[in-house]
K.L.:
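The structure is given below, and queries will be raised subsequently.
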Amino acid sequence: MKSETKKTENGDDSFLDQTLRPTHWDEYIGQKHIKDNVKILLRAAEERGHIPEHILFYGPPGLGKTTLAHLIAHETGKQMKITSGPAIEKVGDLASILTNLSPGDILFIDEIHRLNKMVEEILYPAMESGVLDIIIGKGPSARTIQLDLPPFTLIAATTRVALVSSPLRSRFSGGVFRLEFYSNEEIAQIIKRSSKLLETELEENGLKEIAKRSRFTPRTANYFLKRCRDYAQVNKRGLDKDTVSEALEMLSIDEIGLNKSDRKFLEILIKKFNGGPVGLKTMAAAMSEEEATLEEVVEPYLIQLGLLERTARGRVATQKAYEHLDIEVPEGLQKKLL
């Protein structure tokens, strides 16, 4: 494992993510409910001599959906072909992928909610019956041919499960699983494992400091670990709490994991709009950001920390938000917030 780490560290930084990816169930930390269910699914399919049924993973970015797909492929010893919803533009693209699969292969489609609707309809019989219906020609001379496909398992991932159509969701007979955010203790375990793979000496107080700022997300935790390691290396220092704090301060990450955009959101909400309520369009205009960016990237973590509330009238800053920014709560709002 160490020789592999050294090799990847000398290459592009993107290879580090592959190095840190678990290859066995006992290395995968967290998501116990999903692990237990998937392990039974795979074991039962193996004992019956069948391929595993189709599986859909959904949840916020960075929680391990792709990692789970790789782990399933590794545990079953099957080859995995990887693509994404936006990459499959035409029916022919999907047909090419499916007809080139070998029996038992795993097809992983990331961001499946972005599949073209025509492509999605071709996928239905492929998932259910293992056939591909292709229309040749146009008009009165058009005819349909049916190709038998090798048995395969589709594993899909999405960050927006509501945009996955109901007919498509219902065809994931192996299960639809939601990945939850991690606890600080689980994030600490992930960082500890990653630091060993990166051959980085990380002190306990430094580990805890990274964990508490990692937004309950493994991808963010590993990103912070790599940047802190770079900072410590360049400055010839050990990775203790002070070094980690300085490194993350350079990235504009504060003590509870808020970045510059998060703090700007709260400051505008409190200072310009007296803490709210404010509509999403107004906040987007005030920050010069897209509404979708605020709703899907900025707001979820603020809500999770109890710094922001979404109400029928708009966004409202909580007392905790005032306290974090060290802003006095106006008397008129104090009773409302408490």
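Numbering of residues begins at 1 and proceeds along the displayed sequence.
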K.L.:
Kindly compute the distance separating CZ (R310) from CD1 (I303), expressed to the nearest 0.5 Å.
P.N.:
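It comes to 4.0 Å.
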
K.L.:
If you group Ile, Leu, Val, Met, Phe, Trp and Tyr by side-chain heavy-atom gaps below 4.5 Å, do V297 and L280 land in one group?
P.N.:
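Looking at the clustering, L280 is in a separate group from V297.
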
K.L.:
Residues sharing V131's hydrophobic cluster, by side-chain heavy-atom contacts under 4.5 Å among ILVMFWY, directly or via others?
P.N.:
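Under the 4.5 Å side-chain rule, V131 groups with nothing.
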
K.L.:
Scan for ring pair (Phe, Tyr, Trp, His ring centres under 6.0 Å) pairs involving residues 217-258, sequence neighbours excluded, and state none if there are none.
P.N.:
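Applying ring pair (Phe, Tyr, Trp, His ring centres under 6.0 Å) to every pair that reaches into residues 217-258, excluding sequence neighbours, yields nothing.
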
K.L.:
When you group the ILVMFWY residues by side-chain heavy-atom contacts below 4.5 Å and let the links chain together, are L63 and L163 in the same group?
P.N.:
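Different clusters.
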
K.L.:
Can a donor-acceptor pair be found, under 3.5 Å and without considering hydrogens, that links the side chain of R178 to the backbone of F57?
P.N.:
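Absent.
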
K.L.:
Starting at CG of L302, measure out to CG of L269 and round the result to the nearest 0.5 Å.
P.N.:
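One finds 9.5 Å between CG of L302 and CG of L269.
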
K.L.:
Looking at T243 and G238, would you say the former's side chain and the latter's main chain have a donor-acceptor pair under 3.5 Å?
P.N.:
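Yes; at least one donor-acceptor contact below 3.5 Å.
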
K.L.:
Less than 4.5 Å apart, side chain to side chain, heavy atoms only: is that true for K192 and L202?
P.N.:
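Result no, sub-4.5 Å side-chain heavy-atom pair not found.
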
K.L.:
Which residues satisfy the ring-ring contact (aromatic ring centres under 6.0 Å, His included) test with F152, sequence neighbours excluded?
P.N.:
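F152 satisfies ring-ring contact (aromatic ring centres under 6.0 Å, His included) with H54 only.
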
K.L.:
Quick one: side-chain hydrogen bond (donor to acceptor under 3.5 Å, both in side chains) pairs with a partner in residues 157-166, sequence neighbours left out?
P.N.:
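Only E111-T159, H113-T158, E120-S165, Y124-S165, R160-E296 qualify under side-chain hydrogen bond (donor to acceptor under 3.5 Å, both in side chains).
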
K.L.:
Does V278 offer a backbone N or O that forms a donor-acceptor pair with the side chain of T282 under 3.5 Å?
P.N.:
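Such a contact is absent between T282 side chain and V278 backbone.
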
K.L.:
For P218 versus I187, what's the shortest heavy-atom pair and its separation?
P.N.:
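Looks like N-CD1, 3.7 Å.
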
K.L.:
For S194 versus L225, what's the shortest heavy-atom pair and its separation?
P.N.:
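Shortest heavy-atom contact: CB-CD2, 3.6 Å.
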
K.L.:
Judged by atom type as modelled, is there a donor-acceptor pair below 3.5 Å linking the side chain of N235 to the main-chain atoms of R237?
P.N.:
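Between the backbone of R237 and the side chain of N235 there is no qualifying donor-acceptor contact (under 3.5 Å).
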
K.L.:
Can you tell me if Q31 uses its side chain to pair, donor with acceptor, with the backbone of E180 under 3.5 Å?
P.N.:
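Yes: the side chain of Q31 pairs with the backbone of E180.
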
K.L.:
Can you tell me if R169 uses its side chain to pair, donor with acceptor, with the backbone of V164 under 3.5 Å?
P.N.:
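Yes: the side chain of R169 pairs with the backbone of V164.
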
K.L.:
Do V244 and E203 come close enough that some side-chain heavy atom pair is under 4.5 Å?
P.N.:
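Not in contact.
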
K.L.:
Would you find more than 12 non-hydrogen atoms of other residues, nucleotides or ligands less than 6.0 Å from E201 atom CD?
P.N.:
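It does not: E201 CD has 12 such atoms or fewer within range.
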
K.L.:
Is there a path of hydrophobic side-chain contacts, each under 4.5 Å between heavy atoms, that joins I327 and I256?
P.N.:
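Yes: a chain of side-chain contacts under 4.5 Å links I327 to I256.
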
K.L.:
Keeping Y58 on the side-chain end and L179 on the backbone end, is there a donor-acceptor pair under 3.5 Å?
P.N.:
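No, Y58 side chain to L179 backbone: no donor-acceptor pair under 3.5 Å.
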
K.L.:
Could you list all the ring pair (Phe, Tyr, Trp, His ring centres under 6.0 Å) pairs where at least one residue sits in residues 61-103, not counting sequence neighbours?
P.N.:
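Output for this query lists H24-H74.
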
K.L.:
Does K241 have any side chain to side chain contact (heavy atoms under 4.5 Å, CB included) partners at least two apart in sequence or in another chain, and if so, which?
P.N.:
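K241: side chain to side chain contact (heavy atoms under 4.5 Å, CB included) contacts with N205, E209, S245.
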
K.L.:
If only atom types and distance count, is the side chain of S102 paired as donor or acceptor with the main-chain N or O of D105 below 3.5 Å?
P.N.:
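Flag not set: sc S102 to bb D105 has no pair under 3.5 Å.
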
K.L.:
Applying side chain to side chain contact (heavy atoms under 4.5 Å, CB included), name anything that partners S183, two or more places apart in sequence or on another chain.
P.N.:
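Testing S183 for side chain to side chain contact (heavy atoms under 4.5 Å, CB included), a comparison that skips the adjacent residues, returns E185, E186.
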
K.L.:
Do other residues, nucleotides or ligands put more than 12 heavy atoms under 6.0 Å from E249 CD?
P.N.:
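Atom CD in E249 is not crowded, with 12 or fewer foreign heavy atoms closer than 6.0 Å.
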
K.L.:
State, with a plain yes or no, whether a side-chain heavy atom of V119 is found less than 4.5 Å away from one of I122.
P.N.:
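No; the side chains remain at least 4.5 Å from each other.
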
K.L.:
Would you compute the distance between atom CG of L56 and atom CD1 of I109 and round it to the nearest 0.5 angstrom?
P.N.:
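Between atom CG of L56 and atom CD1 of I109 there are 10.5 Å.
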
K.L.:
Report yes if some heavy atom in the side chain of L325 is under 4.5 Å from a heavy atom in the side chain of E267; otherwise report no.
P.N.:
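With C-beta onward as the side chain, the pair touches.
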
K.L.:
Run the side-chain contact (heavy atoms from CB on, under 4.5 Å) check on L107 and I97 step by step: do they pass?
P.N.:
CA-CA 9 Å; L107 173 62; I97 293 170; 3.7 Å; yes

K.L.:
Indicate if L266 and I253 have the same hydrophobic cluster label, given that clusters are the connected sets of ILVMFWY residues with side-chain heavy-atom separations under 4.5 angstrom.
P.N.:
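Yes, same cluster.
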
K.L.:
Using the test side chain to side chain contact (heavy atoms under 4.5 Å, CB included), find all partners of Q304 that sit at least two apart in sequence or belong to another chain.
P.N.:
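Counting only residues at least two positions away or on another chain, Q304 forms a side chain to side chain contact (heavy atoms under 4.5 Å, CB included) with F181, F216, Y301.
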
K.L.:
Check the pair I82 / M80 against side-chain contact (heavy atoms from CB on, under 4.5 Å), numbers first and verdict last.
P.N.:
CA-CA 6 Å; I82 302 172; M80 184 166 76; 3.8 Å; yes

K.L.:
Start with the C-alpha distance between F177 and V38, add both sets of side-chain angles, then the distance that settles side-chain contact (heavy atoms from CB on, under 4.5 Å), and finish with yes or no.
P.N.:
CA-CA 9 Å; F177 301 104; V38 171; 4.1 Å; yes

K.L.:
Sequence neighbours left out, what pairs pass salt bridge (charged side-chain N to carboxylate O under 4.0 Å, His left out) with at least one residue falling in residues 45-74?
P.N.:
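Every salt bridge (charged side-chain N to carboxylate O under 4.0 Å, His left out) pair that includes a residue of residues 45-74, provided the two are not neighbours, is R43-E47.
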
K.L.:
Looking at every non-hydrogen atom in both residues, tell me the closest pair between L71 and P22 and how far apart they are.
P.N.:
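It is CD1-O, 3.9 Å.
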
K.L.:
So, for K35 and Y28, which heavy atoms are closest and what is the spacing to 0.1 Å?
P.N.:
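Residues K35 and Y28, closest heavy atoms: NZ-O, 2.7 Å.
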
K.L.:
Would you check if H324 and D254 make a side-chain contact, meaning some heavy-atom pair closer than 4.5 Å?
P.N.:
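Heavy-atom side-chain distance check passes, below 4.5 Å.
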
K.L.:
Which residue pairs pass the side-chain hydrogen bond (donor to acceptor under 3.5 Å, both in side chains) test with at least one member in residues 76-96, sequence neighbours excluded?
P.N.:
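side-chain hydrogen bond (donor to acceptor under 3.5 Å, both in side chains) check on residues 76-96 returns no pairs.
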
K.L.:
Could you tell me whether a side-chain N or O of R193 sits under 3.5 Å from a main-chain N or O of Q189, the two making a donor and an acceptor?
P.N.:
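Not confirmed, R193 side chain does not pair with Q189 backbone.
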
K.L.:
To the nearest 0.5 Å, how far apart are CD1 in I210 and CD1 in I190?
P.N.:
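Going from the CD1 atom of I210 to the CD1 atom of I190 covers 12.5 Å.
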
K.L.:
Could you measure the distance from the OG1 atom of T66 to the CD1 atom of I155? Nearest 0.5 Å is fine.
P.N.:
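If we round to the nearest 0.5 Å, T66:OG1 and I155:CD1 are 10.5 Å apart.
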
K.L.:
Give me each pair satisfying ring pair (Phe, Tyr, Trp, His ring centres under 6.0 Å) with a member in residues 252-276, each pair once, sequence neighbours excluded.
P.N.:
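Output for this query is empty, none listed.
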
K.L.:
Let me confirm one number: the CD1-CG distance from I55 to L68, rounded to the nearest 0.5 Å.
P.N.:
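The CD1 atom of I55 sits 9.0 Å away from the CG atom of L68.
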
K.L.:
With the 4.5 Å side-chain cut-off for hydrophobic clustering, are L101 and I51 part of the same group?
P.N.:
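Result: no, two separate clusters.
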
K.L.:
For residues 255-266, pull every pair meeting side-chain hydrogen bond (donor to acceptor under 3.5 Å, both in side chains), keeping only residues two or more places apart or in separate chains.
P.N.:
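Only R215-D262 qualify under side-chain hydrogen bond (donor to acceptor under 3.5 Å, both in side chains).
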
K.L.:
How close do A317 and I270 get, heavy atom to heavy atom, and via which atoms?
P.N.:
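Shortest heavy-atom contact: CB-CG1, 3.7 Å.
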
K.L.:
Find out whether L248 and C228 are in side-chain contact, i.e. whether some heavy atom of one side chain is under 4.5 Å from a heavy atom of the other.
P.N.:
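A side-chain contact exists here, since the closest heavy-atom pair is under 4.5 Å.
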
K.L.:
Mind listing the closest non-hydrogen atom pair of L207 and A188 along with its distance?
P.N.:
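Reported closest heavy-atom pair: CD2-CB, 3.3 Å.
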
K.L.:
Check the pair K226, D230 against salt bridge (charged side-chain N to carboxylate O under 4.0 Å, His left out), reporting the backbone distance first and the verdict last.
P.N.:
CA-CA 6 Å; K226 288 182 284 186; D230 294 345; over 6 Å; no

K.L.:
Is there a side-chain contact (heavy atoms from CB on, under 4.5 Å) between R315 and L294? Walk through the geometry before answering.
P.N.:
CA-CA 11 Å; R315 277 61 178 166; L294 296 186; over 6 Å; no

K.L.:
Taking K320 for its side chain and L305 for its backbone only, find out whether a donor-acceptor pair lies under 3.5 Å.
P.N.:
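The answer is yes, because a donor-acceptor pair under 3.5 Å joins these two groups.
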
